[in-house]
Number of protein chains: 2
Amino acid sequence: MPLDDTLGALADPTRRAVVERLARGDATVGTLARPYPMSLPAFSKHLTVLVDAGLVRRSKVGRTVVCSLEPAALDDVAAWVAETTAFWHAAIDRLEHVLEEDT
Amino acid sequence: MPLDDTLGALADPTRRAVVERLARGDATVGTLARPYPMSLPAFSKHLTVLVDAGLVRRSKVGRTVVCSLEPAALDDVAAWVAETTAFWHAAIDRLEHVLEEDT
DNA sequence: GAGATACTTAACCGTCTGGTTAAGTATCTC
DNA sequence: GAGATACTTAACCAGACGGTTAAGTATCTC
């Protein structure tokens, strides 16, 4: 289930903030990590989670590593939420129909 | 961060399936649990996660417990994804602009 | 009211997660 | 090529997570 990995990756404030940051443009690992009060290895592991979830791409440029957003996985989340809420609205509509018939 | 709880709750296939099921209409705990090859306590804990995330409401009816979807939390997820992808598209547009100026 | 039904709570257990420090690798600079 | 820079990998640790069984509570049925 790719949605498991995607949603799991986004269920962490650090990782969600990284995705938000990358939505505004690419950045190196060092730049991304600077705001967070954790060691670089810890941050690197968060990045690995995002990469494994298909949300982020790492590419080595010289001795730095540039990260960029891979928004297809985000689209999958949007699609699932949209589909589920659509079914929910349909259920609401049916319920209202029943209530109308009842009165 | 309520999004932490919401996304964390949805990062599990059982819980996501329960949300999908509830989007089609309310159901009792027993009915919801039946399809899953796990003990009732295990399933009940999944429900608790969904309730704590604000996605599901439990209400006791006689000796059964009826669950219903609380889609406001789902809306928050949709809003976050929409906002993030919007920023990403804006970044793409800026990049294309730069490329145009370059040529 | 005794027993069955529909759950929840409690206690426990192995595995995954999020952090640490120390060591390794690749690249740049001098 | 020696040292500094930018990371990643390895090894470890405490706590959260997903499951279990056993026991508890509330309601219905007879």
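Keep in mind that the numbers below use all heavy atoms, side chains included, and drop hydrogens, waters and symmetry copies. Order of the sequence lines sets the chain letters (A, B, ...), proteins ahead of strands, with each chain counted from 1. Computed from a predicted structure; not experimentally measured.
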Chemist: Measure from CG on A:Asp4 to P on C:dT17 and round the result to the nearest Å.
Modeler: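 Those two atoms, CG and P, are 11 Å apart.
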Chemist: Should B:Ser44 be listed as having a side-chain N or O under 4.0 Å from OP1 or OP2 of C:dT8?
Modeler: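 Answer is yes, contact under 4.0 Å.
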Chemist: For B:Tyr36 and D:dG19, give me the distance from atom OH to atom P, rounded to whole Å.
Modeler: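 Value for this atom pair: 12 Å.
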Chemist: If Ile, Leu, Val, Met, Phe, Trp and Tyr residues are connected whenever their side-chain heavy atoms lie under 4.5 Å apart, and connections chain through other members, are A:Leu3 and A:Leu10 in the same group?
Modeler: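 Yes; tracing contacts between hydrophobic side chains, which count when under 4.5 Å, links both residues.
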Chemist: Quick check: do A:Asp4 and B:Arg16 have side-chain heavy atoms less than 4.5 Å from each other?
Modeler: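 Sidechains of B:Arg16 and A:Asp4: in contact.
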Chemist: Between atom CE in B:Met38 and atom P in D:dT21, what is the gap in whole Å?
Modeler: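 About 13 Å, once rounded to whole Å.
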Chemist: Using OP1 and OP2 only, check whether a side-chain N or O of A:Ser39 sits under 4.0 Å from C:dT20.
Modeler: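 For C:dT20, OP1/OP2 do have a side-chain N/O of A:Ser39 under 4.0 Å.
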Chemist: Whole angstroms only, please: what is the CG-P distance between B:Leu40 and C:dT9?
Modeler: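 B:Leu40 atom CG is separated from C:dT9 atom P by 12 Å.
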Chemist: Of the listed nucleotides (C:dT8, C:dC7, D:dT9), which one gets closest to any side-chain atom of B:Thr28?
Modeler: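 Ranking C:dT8, C:dC7, D:dT9 by closest atom to the B:Thr28 side chain puts C:dC7 first.
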Chemist: Does any part of the side chain of A:Leu47, heavy atoms only, come nearer than 4.5 Å to the side chain of A:Val29, both counted from C-beta?
Modeler: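 Result yes, sub-4.5 Å side-chain heavy-atom pair found.
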Chemist: Using heavy-atom distances to pick each residue's nearest nucleotide on DNA chain C, tell me which of A:Lys45 and B:Arg63 is more 5'.
Modeler: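 The residue closer to the strand's 5' end, by nearest nucleotide, is B:Arg63.
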Chemist: With a cut-off of less than 4.0 Å, is there a side-chain N or O of B:Thr64 near OP1 or OP2 of C:dA6?
Modeler: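 For B:Thr64, the contact criterion (side-chain N or O under 4.0 Å from OP1 or OP2 of C:dA6) is not met.
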Chemist: Roughly, in whole Å, what's the span from CG in B:Leu32 to C1' in C:dA6?
Modeler: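 One finds 13 Å between C1' of C:dA6 and CG of B:Leu32, rounded.
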Chemist: Rounding to an integer number of Å, can you tell me how far A:Asp12 CG sits from D:dA16 P?
Modeler: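 After rounding, the reported distance stands at 15 Å.
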Chemist: Mapping A:Val65 and B:Gly62 to their closest nucleotides on DNA chain D, which lands nearer the 5' end?
Modeler: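 It is A:Val65, whose closest nucleotide lies nearer the 5' terminus.
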Chemist: CG of B:Asp52 versus P of C:dT8: gap in Å, rounded?
Modeler: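 Value for this atom pair: 13 Å.
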Chemist: Which nucleotide sits closest to the side chain of B:Arg15: D:dT9, D:dT21, D:dG18?
Modeler: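 For the B:Arg15 side chain, the nearest candidate turns out to be D:dG18.
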Chemist: What's the CZ-P distance between B:Phe43 and C:dT8, to the nearest Å?
Modeler: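 It is 9 Å, rounded to the nearest whole Å.
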Chemist: As a test of reading the structure: which of D:dT8, D:dG18, C:dA4 is closest to the side chain of B:His46, going by heavy atoms?
Modeler: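 Minimum distance to the B:His46 side chain belongs to D:dG18.
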